[in-house]
2 protein chains.
Amino acid sequence: MARPPDKTARADLLAAALIEFDEHGVERATVEAITSRAGRSKGAFYLHFESKEAAFLALCESAFAGLGEFIGAVTPSSSLDWGLEALRAHWLETDLRAFEYVWQHRPILRLVLSVGMCGRFAYLVDAFATVARESIARWLEYGVERGFYRAELDIAITSMAIGGAYDRLARELVRLEKKPDLARWLSQFQATFVEGLAARERATKRGQSPTKPRGPAGEEPVAAKTRRASRHAALRG
Amino acid sequence: MARPPDKTARADLLAAALIEFDEHGVERATVEAITSRAGRSKGAFYLHFESKEAAFLALCESAFAGLGEFIGAVTPSSSLDWGLEALRAHWLETDLRAFEYVWQHRPILRLVLSVGMCGRFAYLVDAFATVARESIARWLEYGVERGFYRAELDIAITSMAIGGAYDRLARELVRLEKKPDLARWLSQFQATFVEGLAARERATKRGQSPTKPRGPAGEEPVAAKTRRASRHAALRG
DNA sequence: GCCATTATTGACCGACGAGTCAATAACGAC
DNA sequence: GTCGTTATTGACTCGTCGGTCAATAATGGC
């Protein structure tokens, strides 16, 4: 009689891989460390996965499978007949479900968000981001057609901005130890986009100031003050 | 008489390193390939840089030095007396200068934006992003104080959204072969935030539709449809 | 116990690549 | 040419680690 396979080996190895990848990145995580952490042998690892990269891809696959339930899953049909409030309510509801999922699966999402941005694996997250952006674009188009959104919107650029903002939100969320008030965060996010920054009507009058312009508000986000001594120390570290 | 040092060695090596890092990532780029590309020896490499990582950090340092001229360089003082139009004009001007710099330095910015997101180097971009976000926050506070922006804005969350959006813009820009109309892009970006999506006044009336909500507009940006067969194929390599 | 079948193991091999340093080269003064 | 000083070189060392596979273990039937 053949020996039966160990039922938990693959899952044990994947769980250990997730931790090692999270701590060291895919390139620097070693199969030795993964197997040691899982209490398994290297041979067992290679029975289940063709390579270290294959284990990583398996983890990514499960992450994307979960997220795919939320992202780009629903797009507006031409027969959809909503008002702006209904649209916003559903936008918020979908956001909440998606980010609740992100919160509940922080380790693996953190992995995908960090490692997935690196050279040879970037295509994974790129594909995902493209789908998300296309979906956003379709909802923007719907909003414009219905007269809810400004007709002069550049759909491509605006969807890029919205996609980037939610991307940043996810990255911040997976790093937190304590769960924030997601409903509030997401409600504020949506308001930032739908309502904008401008206070209504009063801003137009105050905006006629003749004072010479001097200060910026929008910033390129990868910047830092190179003159910060502490960061120089870090670079030399 | 001592032999004079080669004046271009270090720059040659850095230029070569940039290309190799861009193509292979820091972990997988080899000193052998870098030195071969630069027409220099491994010994020369180690004369100028303590390690491969040190060369990478030198590249990052120069990237941040350039960007630091734009990002977080100017913050509003209490004596600043601008109207909204002046504020927006300068926001746009600063964006233009920053993104012009990004465009002119695509290779190194592409490197920082990709590699800088990976585990052990993530702190570099994090520090930068933090400075940028704080700067955005200060400008938002200024706008609220002056009555230009909505008083109910959550500064922290809104600055996160804006920072993320510009981050995405930079990432898209460094990948392009042909320069887009930056002024238009940035103008649209700003409008997305300041004016918001909502059409003025008409949307409120149309928004009273009693139809049941069903479609989302805001999406979690790392998502994709896991049901896409082509992406499944990519995951399976 | 033996048996056949399959699972699991970890010592081992060999490729790779970071980093070293003795040998060689470059330089102007004499 | 020699000399002293410094720069540059690349063959080499050695540690790391991905992946292999013969040895061992686990299993139920007999």
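Residue numbers start from 1 in every chain, and the chains themselves are labelled A, B, ... in the order their sequence lines are given, proteins ahead of strands.
- Scanning for side-chain hydrogen bond (donor to acceptor under 3.5 Å, both in side chains) contacts around A:Ser41 gives an empty result, with sequence neighbours left out.
- In this entry the distance linking NZ of A:Lys52 with C1' of D:dT20 reads 17 Å, nearest Å.
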**OP:** If a protein heavy atom is under 4.0 Å from the base, mark B; if only from the sugar-phosphate, S; if neither, -; do that for nucleotides 21-30 of chain C going 5' to 3'.
**Re:** B---BBBB--

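- Residue-to-nucleotide proximity on DNA chain C shows that, of A:Glu32 and B:Phe45, the 5′-proximal contact is made by A:Glu32.
- Between B:Phe70 and B:Phe99, a ring centre-to-centre spacing not shorter than 6.0 Å is recorded.
- Here the P atom of nucleotide D:dG10 and the CZ atom of B:Arg40 are 12 Å apart, to the nearest Å.
- The residue among A:Gly39 and B:Arg28 whose nearest nucleotide of DNA chain C is located toward the 5' end is A:Gly39.
- In this structure, the CD atom of B:Glu20 is 12 Å from the P atom of C:dG17, given to the nearest Å.
- The pair A:Asp126-B:Arg175 meets the salt-bridge criterion, with a side-chain N (NZ, NE, NH1 or NH2) lying under 4.0 Å from an Asp/Glu carboxylate O.
- Rounding to whole angstrom units, NE2 of residue A:His24 and C1' of D:dT16 are separated by 15 Å.
- The aromatic rings of B:Tyr142 and B:Trp139 sit perpendicular to each other, their planes meeting at more than 60°, with 30° as the lower class boundary.
- Ring-plane geometry between A:Tyr166 and A:Trp91 is classed as tilted, the angle between the planes lying from 30 to 60 degrees on a 0 to 90 degree scale.
- At whole-Å resolution of the value, CD in B:Glu27 and P in D:dG18 are 13 Å apart.
- Rounded to an integer number of Å, the gap from A:Glu50 CD to D:dT20 C1' is 14 Å.
- One can place NE2 of B:His48 at 16 Å from P of D:dT6, the figure rounded to the nearest angstrom.
- With sequence neighbours excluded, the residues satisfying side-chain hydrogen bond (donor to acceptor under 3.5 Å, both in side chains) with B:Glu27 are A:Arg28, B:Arg120.
- Taking the charged nitrogens against the carboxylate oxygens, A:Asp6 and A:Arg40 do have a contact shorter than 4.0 Å, which makes a salt bridge.
- Among the atoms of the strands shown, only primed sugar atoms or phosphate atoms (P, OP1, OP2) are found under 4.0 Å from some heavy atom of A:Ser51.
- If you take CG of A:Leu47 and C1' of D:dA26, they are 15 Å apart, rounded to a whole angstrom.
- The residue A:Ala33 sits apart from the nucleic acid: no heavy atom pair falls under 4.0 Å.
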